[in-house]
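One structure below.
All heavy atoms count here, side chains included; hydrogens, waters and symmetry mates do not.
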Protein chains: 2
Amino acid sequence: MLPELKLQPLRCVLAIIDQGGFHAAARHLHRSQPAISMAVRDLEERLGQPLFEKGNGKATLTPFGQWCLPRFRELVAHHDRVSRDALAMASHQAGRVDIATVPSVASRVMPGILASFVIDFPGIEINLQDGHSELVSQMVLAGEVELGITSLWQPEEGLEFIPLLHDEIGVVCRDDHPLAGHARLHWRELAGQPLIRNGTSRLLEGSPAAELLERSALYISNMISLTAMLEAGIGITTLPRLAFQEEHARLRFVPLSAPRLERRIGLICRAGVSLSPAAAAMQRHVMAYLTDRGA
Amino acid sequence: MLPELKLQPLRCVLAIIDQGGFHAAARHLHRSQPAISMAVRDLEERLGQPLFEKGNGKATLTPFGQWCLPRFRELVAHHDRVSRDALAMASHQAGRVDIATVPSVASRVMPGILASFVIDFPGIEINLQDGHSELVSQMVLAGEVELGITSLWQPEEGLEFIPLLHDEIGVVCRDDHPLAGHARLHWRELAGQPLIRNGTSRLLEGSPAAELLERSALYISNMISLTAMLEAGIGITTLPRLAFQEEHARLRFVPLSAPRLERRIGLICRAGVSLSPAAAAMQRHVMAYLTDRGA
DNA sequence: GCAGCATGGTAAGGCTTCCTGATCATTTTA
DNA sequence: TAAAATGATCAGGAAGCCTTACCATGCTGC
């Protein structure tokens, strides 16, 4: 029913007008002149009307051709725009990545990663959100973000996990606390200390140190409140090293040597769904960045 | 540089999504299923990114594919719109004709022509202007209108003339005028009559009756003023029959038999420039209409 | 007036593209 | 577990498209 207007012949028509002749158009399109003639003839046959005046030496548009010209030009421009955009998207020169991470990663790891990423891929827009680890998993599962960087408590259905970092658990206390000078600690040394639980405390579960949790009366999820408590000397807590904010001069981090505990931080994304080009670039970038510096 | 996105593969992608699978798309596009697979693969290679998820049984878009889909849909829709409009234009189902005629033709001939034209070509827009014959020629030459219907004083460079009607010259006078009862007149019978010249009087030039013009003191170009003068009995005039308005009960038209004069009314258009499809349809229609009824 | 150069159109051959039909591997369904 | 449906792959052939060579025509400068 509808004739299929191929783009190449349309380009020929535009080139003939813009370059002022069949020969010039042929040169411009890197074709031979007969190719131009035939493309035009084929197009005219499809439309059922001549586009160019015949007989006179010069290449002139018929009124029908004049009517068609701007529409052809628009269509070709539209094609080129789609083609260019798609190529930019595919080659990581454009696009958008939405990432969610736990706060510790967002503040301690992501800045370095993103700083180099935006240099390598200046066209890609980045959207970084942070939240506790279960929220991160949920956002990835729901498709709100394509990538997550977090620790998984357990393998979750529908999520793929790529390990990135081992994040060692330690004890955090004020610098004048008796434990502050230790190079490492056995969990029994914490017995009797006022332990403040936080969102990462469940990392102790399943280890001998778990019984410490049972004797803890204080739970604080907010990190700012927690550090304020610690600085006030109200008690001690356990944290992964990344979550420990080194800029607090009066707080000390002492690794827990027995049991040696860690959280495994990794990249998560939905299983079975491939990433957008931009997200794939980010994923590769994250992995290269963290393996270069040693996990 | 830019990959050439052919429309057929894009249609394949749309069909796969809309019909829900490669086989369904193949049926819908009247192609074999491998053709669809190959078209998609080729398109993916051009873009450098997969559009469909591989491995799982179903046909699902990658995020990149989801990004592309609406753009592909737009581009294909744009193509179809251009194709449909161009075809409508070419096949006289749409378009526009601008015509200029002399007033007599506009009021006496065009109504019948246009009445049947709009039935045959309901999609074509018509723009009819009238003016004296030299204005008509000018408008055609300047390209303001594509077609003119008028009489040419002389063959004009750049204009093509297709004769349509012979329009006989006669004398117009009031019904109580001594000449009103004649069936025909010899020019000498007009001698001594007060002759009012008008825009068509130069048709007498070059004939024996030309000397009547020299003895005429009154020239009136406006047809309404002229008929008012005639009805007032101020004088007589000469007019082509078509220009004589029969609805004036008190005026009579008496053909001039010696010399027998006529103006040749015809279609004019620019030489060497082909007509738009709509104008060509109009031209054919006018010629068929007037030859059917005898010139 | 005629050679020379430009225009665009035409014809025959070859290369590339694209489609088909048969077949395969995998997943879903009964 | 057999059957059906999915999409992928491959070889062969048809069609489209491009190229080289040649033709017809119109303009230009001597």
Side-chain angles (χ1 to χ4, degrees), chain A residues 2-47 49-62 65 69 76 83 158 271-274, chain B residues 2-47 49-62 64-65 69 76 83 157-158 271-274:
Chain A
L2 277 183
E4 182 86 2
L5 307 179
K6 300 204 209 75
L7 291 165
Q8 208 59 28
L10 301 191
R11 280 188 212 281
C12 287
V13 173
L14 302 186
I16 291 168
I17 297 305
D18 294 341
Q19 309 295 321
F22 282 58
H23 282 85
R27 254 171 281 128
H28 187 247
L29 296 175
H30 309 293
R31 296 275 141 73
S32 65
Q33 171 266 319
I36 310 293
S37 286
M38 297 193 311
V40 168
R41 184 156 48 83
D42 179 68
L43 182 58
E44 289 176 336
E45 275 170 17
R46 279 169 200 261
L47 293 174
Q49 284 284 331
L51 293 163
F52 289 89
E53 300 285 358
K54 311 293 174 186
N56 53 0
K58 287 279 160 246
T60 329
L61 284 172
T62 61
L69 188 66
V76 169
S83 174
V273 175
S274 54
Chain B
L2 277 183
E4 182 86 4
L5 307 179
K6 300 201 210 75
L7 291 165
Q8 209 58 30
L10 301 191
R11 279 187 212 281
C12 288
V13 174
L14 302 186
I16 292 168
I17 298 305
D18 295 340
Q19 310 295 322
F22 283 57
H23 281 84
R27 255 172 279 125
H28 187 246
L29 297 175
H30 310 294
R31 294 276 141 73
S32 65
Q33 171 266 320
I36 309 293
S37 287
M38 295 165 76
V40 168
R41 185 156 50 84
D42 179 68
L43 182 57
E44 289 175 337
E45 275 169 16
R46 279 169 200 262
L47 293 173
Q49 284 283 331
L51 293 163
F52 289 90
E53 302 285 359
K54 311 291 172 187
N56 55 358
K58 286 279 160 243
T60 329
L61 284 173
T62 61
F64 178 62
L69 189 65
V76 169
S83 173
E157 186 62 29
V273 176
S274 53

Response to the item:
Taken to the nearest 0.5 Å, the spacing of B:Leu7 CG from A:Leu7 CG works out to 5.0 Å
Worksheet entry | Under the side-chain hydrogen bond (donor to acceptor under 3.5 Å, both in side chains) test, residues paired with A:Ser274 that sit two or more places apart | B:Glu53
Worksheet item: In B/S/- notation, 5' to 3', how is nucleotides 13-18 of chain C contacted by protein heavy atoms closer than 4.0 Å?
Response: -----S
Worksheet item: Under a 4.0 Å heavy-atom cut-off, which of residues 14-26 of chain A touch DNA chain C?
Response: A:Gly21, A:Phe22, A:His23
Fill in: Distance in angstrom units between A:Leu7 CG and D:dC17 C1', rounded
16 Å
Worksheet item: Between B:Ala25 and B:Gln19, which heavy-atom pair has the shortest distance, and what is it?
Response: N-CB, 4.0 Å
Please list every donor-acceptor pair under 3.5 Å in which a side-chain atom of residues 26-40 of chain B meets a protein atom from a residue at least two apart or in another chain.
| residue | atom | partner | partner atom | Å |
| --- | --- | --- | --- | --- |
| B:Gln33 | NE2 | B:Ser37 | OG | 3.0 |

Worksheet entry | Atom pair CG (B:Asp42) and SG (B:Cys12), whose distance is rounded to the nearest 0.5 Å | 10.5 Å
Practice prompt. Using the closest heavy atom to pick a nucleotide of DNA chain D for each, name whichever of A:Ala39 or B:Ser37 lands nearer the 5' end.
Written response: B:Ser37
Worksheet item: If you look at every heavy atom in B:Ala59 and B:Gly21, which pair is closest and at what distance?
Response: CB-CA, 4.4 Å
Discussion item. In whole Å, I'd like the distance from the CD atom of A:Glu45 to the C1' atom of C:dT10.
Written reply: 14 Å
Discussion item. What is the distance, to the nearest angstrom, from the CG atom on B:Leu51 to the P atom on D:dA8?
Written reply: 12 Å
Discussion item. What is the distance, to the nearest angstrom, from the CZ atom on A:Arg27 to the C1' atom on D:dC18?
Written reply: 18 Å
Discussion item. Output the rounded distance in Å from NE2 (A:His30) to P (D:dT19).
Written reply: 11 Å
Item to complete: Can you figure out which of D:dC18, D:dG7, C:dC19 approaches the side chain of A:Gln8 most closely?
Response: D:dC18
Worksheet item: Residues in side-chain hydrogen bond (donor to acceptor under 3.5 Å, both in side chains) with B:Glu4, at least two apart?
Response: A:Arg11
Worksheet entry | Heavy-atom donor-acceptor pair, A:Thr62 side chain to A:Pro50 backbone, under 3.5 Å | yes
Response to the item:
Atom NZ of B:Lys54 and atom C1' of C:dT26 are separated, to the nearest Å, by 15 Å
Response to the item:
Rounded to whole Å, CZ of B:Phe52 lies from P of D:dG7 at a distance of 9 Å
Worksheet item: Just how far, in rounded Å, is C1' of D:dT19 from CD1 of A:Ile36?
Response: 12 Å
Worksheet item: Got a sec, which residues hit side-chain contact (heavy atoms from CB on, under 4.5 Å) with B:Leu69, two or more places apart in sequence or on another chain?
Response: B:Val13, B:Leu14, B:Ile17, B:Leu61, B:Arg73
Tabulate protein N/O versus nucleotide N/O from nucleotides 20-22 of chain D, keeping only pairs under 3.5 Å, one per line.
none

